[in-house]
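Worksheet for the structure shown next.
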Amino acid sequence: MINVPRGTQDLLPEETEKWQYVEEKFKALCRTYNYQEIRTPIFEHTELFQRGVGDTTDIVQKEMYTFNDRGDRSLTLRPEGTASVVRAFVQHKLFGNPTQPTKLFYIGPMFRYERPQQGRMRQFVQFGVEALGSADPAIDAEVMALAMNIYEGLGLKSLKLVLNSLGDNESRTNHRDALMKHFEPHKEELCNDCQVRLDKNPLRILDCKKDKDHEAMKTAPSILEYLNDYSQNYFEQVKDYLDQMGIEYVIDKNLVRGLDYYNHTAFEIMSNASGFGAITTLSGGGRYNGLVEDLGGPETPGIGFALSVERLLMALDAEGVALPLDNSLDCYVIAMGDNAEKKAVELVYTLRKAGIQVDKDYQGKKFKAQFKTADRLNAKYVLILGEEELANNVVNVKDMATGEQKQIRIADIETTLEKLVTGGTN
RNA sequence: GCGGUCGUGGCGAAGUGGUUAACGCACCGGAUUGUGGUUCCGGCAUACGUGGGUUCGAUUCCCACCGGUCGCCCCA
């Protein structure tokens with residue numbers, strides 16, 4: 001037997017119903033915020049991620065699905081969405097559109113070669129948005145508001161918006177120097193990873209779980225102390241806008257994002273719900289001024305975020321939120337006898353063309369068993385068509401909720417059901 | 001990539017170094033020859049992750065691998 005590759009999954013109907021529901025919710029919310037959908041390829045030139053995401057990141061160094069195609073091009077299954085969106089923004093010169101910022105959303109699978117566990121798959125699906133062309137702190141707040149709205153709109157309560165500022169280049173350089181100076185005397189006491197981080201990306205040391213109790217960690221210089229005036233002011237305004245909207249957040253000065261392109265605003269949304277394992281991050285995002293330029297476009301600020309659908313659904317489970325899925329069927333047709341069977345096929349076809357959900361038996365089941373099936377499918381109405389009904393040009397219509405049953409002329413069945421189905425629900 | 005743990009029919013779950021591997025759910029049929037959700041009775045199933053090894057004999061013991069899961073790393 002051949003199973004799915006490691007870290008991937010099949011979504012069976014019971015699950016896809018949920019996926020469709022949250023996808024629709026997300027799309028509708030994006031429309032509300034005036035974000036439009038963009039669809040980019042699932043694989044890109046490897047170079048895009050090396051330059052966009054950053055050569056020193058874990059993603060690029062050890063998590064990419066990279067392969068050469070038959071033309072010997074190096075391609076990579078996308079590990080995240082922002083690089084592709086920015087690439088498309090530059091390639092199609094969307095910066096030339098009269099309405100800016102360019103506000104885009106996407107839904108699609110991402111790929112990272114990692115050791116799978118619950119909430120971490122090698123293929124996973126992200127919802128994301130990107131707003132390109134505005135350096136207004138209000139749009140940072142807008143993106144966070146949208147992110148929170150998705151979760152809250154689905155009924156989640158145990159959420160935490162964690163916020164930090166990474167500052168601009170000047171602030172970051174100054175902070176970086178300060179960090180190196182601070183940790184250098186303690187280098188030998190730090191874990192192996194952190195010793196490497198000290199040279200490459202000292203910011204990462206702050207995020208280390210092994211060394212989190214080290215004295216030097218507590219006294220380490222915070223980026224917030226090194227923000228220059230512009231960065232500081234920007235951060236304050238972002239917070240003001242969040243306050244204005246009544247969106248709660250906590251500042252975590254150690255919040256570091258895993259991708260190189262981030263600056264200024266960085267945030268994560270986490271779940272507090274019990275029953276969540278080691279992985280509590282539901283989504284993450286931030287500002288990436290400079291990325292468009294890095295990828296060959298004009299100087300254009302940008303901000304975005306992405307969430308994992310798998311983790312979103314886990315959070316719903318953890319909080320016991322049941323999605324209002326409609327798993328009923330308008331109508332089930334039961335036929336008895338060869339002639340009735342023929343007529344039933346015609347009837348089903350007629351009703352379906354009228355837009356009514358209909359199904360019938362294809363297993364040669366007996367009358368009683370067909371009723372059982374109708375019940376199991378949550379059929380609202382059952383149409384009974386036997387030789388007797390056929391002879392009289394009628395069909396029995398049974399309301400499965402009330403048990404009431406009446407005879408309708410076959411010629412009238414379409415209009416009758418339409419009335420029942422549209423009138424009875426919604 | 002590292003460590004812990006687990007892997008029995010469609011699902012859940014017992015169990016044993018040795019003839020036919022429990023049980024529950026689900027499914028099918030009957031009681032009720034054209035009317036569902038209950039009950040009772042009966043029936044069904046390609047089941048011991050894969051490959052080696054130990055043994056007269058392994059689903060059971062050992063090893064490796066694969067996969068799940070938990071934690072680390074890191075993130076979505």
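Just so it is clear: chains get the letters A, B, ... in the order the sequence lines come, proteins before strands, and each one is counted from 1.
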In whole angstroms, how far is the [atom2] atom of [N] from the [atom1] atom of [X]?
X	N	atom1	atom2	result
A/Glu404	B/U35	CD	P	19 Å
A/Arg112	B/C73	CZ	C1'	14 Å
A/Gln126	B/A76	CD	P	7 Å
A/Asp375	B/C27	CG	P	11 Å
A/Met336	B/U35	CE	P	9 Å
A/Arg122	B/G68	CZ	P	8 Å
A/Phe127	B/A76	CZ	P	16 Å
A/Asn396	B/G34	CG	P	15 Å

Can you tell me which nucleotide in [options] comes closest to the side chain of [X]?
X	options	result
A/Arg6	B/G34, B/A76, B/G67	B/G67
A/Ile384	B/G34, B/A76, B/G68	B/G34
A/Ser283	B/G36, B/A76, B/G68	B/A76

What is the nucleic acid contact for [X], judged by heavy atoms within less than 4.0 Å: base, sugar-phosphate only, or nothing?
X	result
A/Gly128	nothing
A/Glu114	base
A/Glu80	nothing
A/Gln9	nothing
A/Gly81	nothing

Using the [atom1] atom on both, measure [N] against [M] and round to a whole Å.
N	M	atom1	result
B/G34	B/U69	P	48 Å
B/G49	B/G9	C1'	14 Å
B/A76	B/A13	C1'	35 Å
B/U59	B/U16	P	16 Å
B/C25	B/C66	P	38 Å
B/C41	B/C56	C1'	46 Å
B/C11	B/C63	P	28 Å
B/G36	B/G30	P	13 Å

### Task
Tell me yes or no: between the side chains of A/Ser134 and A/Asp136, is some donor less than 3.5 Å from an acceptor?
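Their side chains do not contain a donor-acceptor pair, so the 3.5 Å distance test is not met.
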
### Message
With a 3.5 Å distance limit and no angle check, can you tell me whether A/Arg122 reaches the backbone of A/Glu114 through a side-chain donor-acceptor pair?
### Response
yes

Watson-Crick or G-U wobble partner of [N], both distances under 3.5 Å:
N	answer
B/G1	B/C72
B/G42	B/C28
B/C65	B/G49
B/U35	none

Short side-chain N/O contact from [X] to OP1 or OP2 of [N], under 4.0 Å:
X	N	answer
A/Gln118	B/G68	no
A/Lys368	B/G30	no
A/Gln117	B/G68	no
A/Lys365	B/C28	yes

Per the atom types in the model, does the base of [N] pair as donor or acceptor with the side chain of [X] at under 3.5 Å?
X	N	value
A/Glu63	B/G1	no
A/Arg120	B/A76	no
A/Gln405	B/U35	yes
A/Arg115	B/C72	no
A/Arg376	B/C27	no

#### Entry: Heavy-atom closest pair, residues A/Arg51 and A/Gly296
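Here A/Arg51 and A/Gly296 meet closest at NH2-N, 4.2 Å.
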
### Message
Which heavy atom of A/Lys157 sits nearest to which heavy atom of A/Glu319, and what is that distance?
### Response
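For A/Lys157 and A/Glu319, the tightest heavy-atom pair comes out as N-OE1, 2.8 Å.
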
### Message
Let me spell it out: for each of A/Lys62 and A/Gly284, pick the nucleotide of RNA chain B with the closest heavy atom. Which residue's pick is nearer the 5' end?
### Response
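By nearest-heavy-atom nucleotide position, the 5'-most residue is A/Lys62.
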
### Query
For RNA chain B, whose closest nucleotide is more 5', that of A/Met121 or that of A/Lys366?
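Nearest-nucleotide comparison on RNA chain B picks A/Lys366.
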
### Task
Just say parallel, tilted or perpendicular for the rings of A/Tyr226 and A/His175, cut-offs at 30° and 60°.
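A/Tyr226 and A/His175: tilted rings.
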
#### Entry: Reference residue A/Tyr332; test side-chain contact (heavy atoms from CB on, under 4.5 Å); the match among A/Val358, A/Asp361, A/Val348
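Among A/Val358, A/Asp361, A/Val348, the one meeting side-chain contact (heavy atoms from CB on, under 4.5 Å) with A/Tyr332 is A/Asp361.
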
### Task
Using the six-membered ring of A/Phe235, assess whether NZ or CZ of A/Lys239 lies under 6.0 Å from its centre and within 45 degrees of the ring axis.
yes

### Query
With a 4.0 Å cut-off, would you call A/Arg409 and A/Asp412 a salt bridge?
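Yes, A/Arg409 and A/Asp412 are salt-bridged.
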
